[in-house]
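Following: one structure in structure tokens, then a few remarks.
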Amino acid sequence: MNYLRIKKNREFLKIFKRGIRVHSPALSLILFPSGTMRMGIALSKKHGKAVERNRIKRLIRESFNKNLHMLQKNWAVVVLPRVADGYSFKTFEKSFIICFKKVNGWGK
RNA sequence: UGAGUUAAUCAUACGGUCGCGGGCCGCGAAAGCGGCGUGAGGAAAGUCCGAGCAUCCCAGGGCAAGGGUGCCUGCUAACGGCAGGUGGAGGCGACUUUAAGGAAAGUGAACAGAAAUACACCGCCGCGCAUUUUUGCGCGGUAAGGGCGGAAUGGCGAGGUAAGAGCUCACCGUUGUUUCGGUAACGAAGCAAGCCAAUUAAACCCCACCCGAUGCAAGAUUGGGACGUAUGCUCGCUUAAAUGCGGAGACUGCCCGUCUGCAUACGUCCGUUAAUAUCGCUUGAGCGCAUGGGCGACUGUGCGCGUAGAUAGAUGACCGUACACGACAGAACUCGGCUUACAGAUUAAUCUCAAACC
RNA sequence: AGGAGCAUAGCUCAGCAGGUUAGAGCACCACCCUGAUAAGGUGGGGGUCGGUGGUUCGAGUCCACUUGCUCCUA
């Protein structure tokens, strides 16, 4: 299963404006219908210094890639992690599973 | 044994499964697939300096302004960095630390205080007058004492004096000078002056030396280019005409000097579409070892090594083992420094101090 | 990533070539005025000048480091 990255600021703004939001304990998703599977991550300085932000991106990419097969449709997804004291792979994975179940639910 | 000082190194390690960015090789028309190997730091950080590199009508000379540096000698591509030394400060010591030019070029310096380079408030002393005495008033001397203050006529002792005072003398300090040592900063010794010239320059300032601006979001390639015409910038005179002169503009300001079109639209000819692109983009004042020179920073020679290049931005997830249970922290054009953050671990000193023992 | 700035009372801002006590407006409190409120008048409280260190007799001001925030450059 492959996906493309969302890179242009224009695309991010479009998804922020018109996308559908799904929430879970560790992160929120904004989804928008798309022809190909695409994903982008939005982080701010509030999440920590450069080392911490890089680590969050790695954890999200890893857990997203691992659980991507659950989605039945192609979406453009923007991932918004919540600001917390610590971040771990397990909490992100759990939150992705919760979100993907919700998405598949209202797909039917 | 305890407490220190200085210098240096490392920055969890190993194995398995899955995954990511470059590179090379193979297969493939391509998309892609497979294999091999490689992939963050001592500070990658702050952006405080110095360079390379790039662009800017290439920046040339003089004066001015602005900014920076400031003991000496070296090192370096260069530096505001480093090394070695000098003076000051701190420590019993090993050692550490230091923006350290000039106050006899000039200006300024609140409040307090009589006075801030100086003018006597209290006090001390002398003289005159008054007064029985005590004492009071006036004139003068005096910087030893009190008081004010961050700072009060160099400090301390002796002589001296009416009382005092470098007024005189010894010692110390200061300044000047001579000799010696040192490349020099400076040091040592001698002689002289008798203190004139307080402090403050991270206050203005003066002196010496240095500095073009902007930064890879620089910039290059292509997104069209060449020629002609018109209009605008663009002001005056002149001319068919940016033709010529002046003005104007650019080179931070002025003088000299140099340079002068640019933009837009239309027409003709040549060329052909990708901008989320390609290059810049990583081999460089490189790193390690040996050896020669130098107290050292550093450097000559020889041998060896091949060392990230991303672009919403690559190092992660899970499992196992070990222990001291893992700090600060992520390359973004590249180097040399400085500064700041940081759990700890290890090593080296004919290093220092204290205690005990021999 | 590169570059430029700002920080002073609850809020918005002054503050000189370093000097005695850091000001102004709004807001707050008390009183006056009114039958009562607003407006107006009088008086008052509130500041380790973002932090640490240095220079100086003395630092909001000068210097160094540091923290937070803002803006510009595709």
Side-chain angles (χ1 to χ4, degrees):
Chain A
M1 197 82 162
N2 291 311
Y3 65 94
L4 300 173
R5 302 297 302 276
I6 300 168
K7 295 181 178 179
K8 287 281 282 185
N9 196 31
R10 225 181 297 142
E11 293 181 78
F12 272 96
L13 291 175
K14 189 179 79 180
I15 295 164
F16 269 110
K17 220 174 178 184
R18 297 201 271 161
I20 311 153
R21 293 178 186 241
V22 182
H23 305 284
S24 63
L27 42 85
S28 297
L29 304 185
I30 307 178
L31 296 102
F32 192 77
S34 172
T36 54
M37 197 65 220
R38 293 190 301 160
M39 190 271 276
I41 303 166
L43 279 167
S44 79
K45 275 198 171 175
K46 287 176 188 171
H47 289 89
K49 298 200 174 188
V51 171
E52 192 66 16
R53 292 202 300 272
N54 279 345
R55 182 172 161 75
I56 293 168
K57 284 192 257 183
R58 281 185 206 122
L59 293 171
I60 287 173
R61 276 201 298 271
E62 180 75 19
S63 48
F64 184 81
N65 198 35
K66 234 180 171 180
N67 298 290
L68 192 57
H69 60 273
M70 287 178 64
L71 280 178
Q72 294 158 355
K73 276 189 181 176
N74 282 333
W75 298 92
V77 185
V78 171
V79 183
L80 305 171
R82 284 172 192 238
V83 178
D85 293 337
Y87 305 92
S88 75
F89 177 75
K90 282 185 179 173
T91 53
F92 280 133
E93 193 172 33
K94 275 182 196 168
S95 291
F96 265 115
I97 291 169
I98 291 167
C99 288
F100 286 170
K101 278 181 181 169
K102 282 184 185 174
V103 170
N104 286 331
W106 36 258
K108 293 166 191 174

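Below, each value reflects all heavy atoms present in this structure, side chains not excepted, and no hydrogens, waters or symmetry copies. Residue numbers start from 1 in every chain, and the chains themselves are labelled A, B, ... in the order their sequence lines are given, proteins ahead of strands.
Distance check, rounded to the nearest 0.5 Å: CD1 of A/I98 to NZ of A/K94 gives 8.5 Å. Taken to the nearest 0.5 Å, the CD1 atom of A/I20 stands 13.5 Å off from the NZ atom of A/K102.
Computed from coordinates, the A/N67 CG to B/A317 C1' distance equals 12 Å when rounded to whole Å. The distance between atom CZ of A/R53 and atom C1' of C/A1, rounded to the nearest whole Å, is 13 Å. For the pair A/L80 CG and B/A312 P, the computed distance is 19 Å after rounding to whole Å. Atom CG of A/N65 is separated from atom C1' of B/C318 by 15 Å (rounded to the nearest Å). Following rounding to the nearest Å, A/E93 (CD) and B/G19 (P) show an atom-to-atom distance of 16 Å.
The heavy-atom pair separating A/V83 from A/H47 by the smallest distance is CG2-NE2, 3.9 Å. Of all heavy-atom pairs between A/R53 and A/L43, the closest is O-CD1, 3.6 Å.
As rounded to the nearest Å, B/C328 and B/C71 have P atoms that lie 40 Å from one another. Using atom C1' as the reference point in both B/C351 and B/G88, the two lie 26 Å apart (nearest Å). Atom C1' of B/A115 sits at a distance of 14 Å from the matching atom of B/C122, rounded to the whole Å. Spacing between B/C127 and B/A162 at atom P, rounded to whole Å, works out to 11 Å. Across the C1' atoms, B/A64 and B/C58 are found 24 Å apart, a figure rounded to whole Å. For the C1' atoms, the distance linking B/C18 with B/A31 amounts to 24 Å, nearest Å. Comparing the same atom, P, in C/A74 and in C/C13 gives a spacing of 28 Å after rounding to whole Å. Annotation: C/G10 and B/A43 have their C1' atoms spaced 42 Å apart (nearest Å).
A/I60 is listed as a side-chain neighbour of A/F96, based on a closest heavy-atom distance under 4.5 Å. By the 4.5 Å heavy-atom criterion applied to side chains, A/H23 and A/R82 are counted as neighbours. In this structure the side chain of A/V79 reaches within 4.5 angstrom of the side chain of A/L29, judged on heavy atoms. Inter-residue side-chain proximity for A/L27 and A/L80 is flagged as unmet; no heavy-atom pair is nearer than 4.5 Å. In this structure the side chain of A/C99 never reaches within 4.5 angstrom of the side chain of A/L31, judged on heavy atoms. You'll find the side chain of A/F92 reaches within 4.5 Å of the side chain of A/I56, heavy atoms only. At a threshold of 4.5 Å between non-hydrogen side-chain atoms, the residues A/F89 and A/E62 count as touching.
Mapping A/K66 and A/M39 onto RNA chain B by nearest heavy atom places A/M39 closer to the 5' end of the strand. Both A/K49 and A/A42 lie close to RNA chain B; mapped to their nearest nucleotides by heavy-atom distance, the more 5′-ward contact belongs to A/A42.
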For nucleotides 331-334 of chain B, which of its nitrogen or oxygen atoms have a protein nitrogen or oxygen under 3.5 Å away, and what is each distance?
none

Hey, what are the protein-to-nucleotides 41-47 of chain B N/O distances that come in under 3.5 Å?
none

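Look at C/G54: its glycosidic torsion is beyond 90° from 0, and that puts it in the anti range. Annotated as anti: B/G149, whose O4'-C1'-N torsion sits more than 90° from 0. Base orientation at C/U8 is anti, since its O4'-C1' glycosidic dihedral falls outside 90° of 0. Its glycosidic angle being within 90° of 0, B/G166 falls on the syn side. B/U282 takes the syn form, because its glycosidic angle lies no more than 90° either side of 0.
Remark: B/A185 base-pairs with no nucleotide in the shown strands. Criterion, Watson-Crick or G-U wobble with two distances under 3.5 Å. With a 3.5 Å ceiling on both atom-pair distances, the Watson-Crick or G-U wobble partner of B/A277 is B/U221. Base-pair partner of B/G288: B/C303 (Watson-Crick or G-U wobble, both distances under 3.5 Å). Nucleotide B/C24 is matched to B/G35 when pairs are restricted to Watson-Crick or G-U wobble geometry with both distances under 3.5 angstrom. Under the Watson-Crick or G-U wobble criterion, with both distances below 3.5 Å, B/C124 is paired with B/G141. Of all nucleotides present, only B/G85 satisfies the Watson-Crick or G-U wobble test against B/C71, with each distance under 3.5 Å. Nucleotide B/C14 forms a Watson-Crick or G-U wobble pair with B/G320, both donor-acceptor distances falling under 3.5 Å. Nucleotide B/U268: paired with B/A226 (Watson-Crick or G-U wobble, both distances less than 3.5 Å).
A donor-acceptor contact shorter than 3.5 Å links the side chain of A/N104 to the backbone of A/F100.
The stretch residues 54-64 of chain A comes close to RNA chain B through A/N54, A/R55, A/R58, A/L59, A/R61, A/E62, each having a heavy atom under 4.0 Å from the strand.
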Derivation and outcome, side chain to side chain contact (heavy atoms under 4.5 Å, CB included), residues A/I41 and A/R61: CA-CA 9 Å; A/I41 303 166; A/R61 276 201 298 271; 4.3 Å; yes
